[in-house]
Structure formats: structure tokens, C-alpha cells
Amino acid sequence: MKKQIITIVAAVLLCTTVQSCKKSADRPDGLELTPGQKLDTLLEDMNEKSDTASVKIDSTIENIKRATKKGAKAVEGAAKDVKEGVEKTADNVSKEMKK
């Protein structure tokens, strides 16, 4: 009975060793990443994504500023036109009243 258990344990160890060799052979660099390396990789990816998001947000803010400036200029132009129109109308009315 002991020999059978030892044989089974040896077979399991051999299979595990073969599987781990296959895993490392599949990796291009042949190395397993340690948990620290995995964490570093994840942090680098997060930093890259946050940098990209920051650039996109900054770009969006600049677009909003430009659009707001254009809108403000359009409103100013319209206000000037209205003011001029009101002044002309007031002048016309006062001229007509003098006649």
C-alpha cells in the first residue's frame, strides 16, 4: 500500500513539474512574473490610462472655453445690434414727435 501511495505522489509531482515547465516555455521571456512585478505592471498601466484621461479632460476643457468665448462674443454682438436698433428707433420716434 505504501508503494502505491509513493508512486501516485511521485506521478503527481512529475505531472506538476511538466505543467510548470510548459507554462514557462509559453512565455516569451521564459520568466514568471512575481506578485510585485504584476503590481508594478498594473500601476504603470493605471498611470498611463490616468495620463491619457487627464489629456482628454484638458482638451475637453479647452474646447468648452473656446465655445464659451465664441458664445459670449455672439451674445455681445447681438446685444450691440439690439442697442443700436433701440437707439435708432428712439431717434426716429423723437424726430417724428418733433414734427
Side-chain angles (χ1 to χ4, degrees):
M1 187 74 173
K2 287 183 179 180
K3 287 183 182 180
Q4 290 174 343
I5 293 174
I6 292 173
T7 305
I8 291 173
V9 169
V12 169
L13 286 174
L14 181 63
C15 288
T16 305
T17 305
V18 169
Q19 286 177 349
S20 67
C21 288
K22 284 183 182 178
K23 284 182 184 176
S24 65
D26 291 342
R27 294 188 56 84
D29 56 3
L31 300 174
E32 283 290 323
L33 294 177
T34 64
Q37 291 170 328
K38 288 179 183 178
L39 181 62
D40 288 342
T41 303
L42 287 173
L43 289 174
E44 287 174 11
D45 290 346
M46 286 175 52
N47 287 336
E48 287 175 9
K49 299 230 186 294
S50 76
D51 290 344
T52 302
S54 295
V55 168
K56 287 181 180 178
I57 289 171
D58 291 342
S59 174
T60 304
I61 289 171
E62 289 300 318
N63 289 340
I64 290 170
K65 285 181 181 178
R66 280 190 220 116
T68 303
K69 285 180 183 178
K70 284 182 180 179
K73 286 181 181 178
V75 169
E76 286 177 6
K80 285 180 184 177
D81 291 342
V82 168
K83 182 181 175 183
E84 289 173 3
V86 168
E87 288 174 352
K88 286 181 182 178
T89 303
D91 287 342
N92 291 339
V93 168
S94 88
K95 285 180 185 176
E96 288 296 320
M97 291 182 82
K98 289 180 182 177
K99 287 185 181 179

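Atom set for the values below is all heavy atoms of this structure, side chains included, hydrogens, waters and symmetry mates excluded. Bear in mind that the values here come from a model prediction, so they are computed numbers and not experimental data.
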Contacts under 3.5 angstrom, residues 75-85 side chains, donor-acceptor by atom type, not counting sequence neighbours:
none

Expected list for residues 65-74: side-chain donor-acceptor pairs under 3.5 angstrom, two or more places apart:
| unit_1 | atom_1 | unit_2 | atom_2 | d |
| --- | --- | --- | --- | --- |
| R66 | NH1 | N63 | OD1 | 2.9 |
| T68 | OG1 | I64 | O | 2.7 |

Open item on the list: Apply the hydrophobic cluster definition, ILVMFWY joined by side-chain contacts under 4.5 Å directly or through others, and give me every member besides I57.
Closed with: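 Members alongside I57: I61.
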
- [ ] Output the distance between atom CG (N47) and atom CG (L42), rounded to the nearest 0.5 Å.
- [x]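 Going from the CG atom of N47 to the CG atom of L42 covers 11.0 Å.
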
- [ ] Can you measure from NZ (K56) to OG1 (T60) and round to the nearest 0.5 angstrom?
- [x]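 Between atom NZ of K56 and atom OG1 of T60 there are 9.0 Å.
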
- [ ] Say whether, by atom type as modelled, one donor and one acceptor occur between the side chain of S54 and the main chain of S50 under 3.5 angstrom.
- [x]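 Answer holds: yes.
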
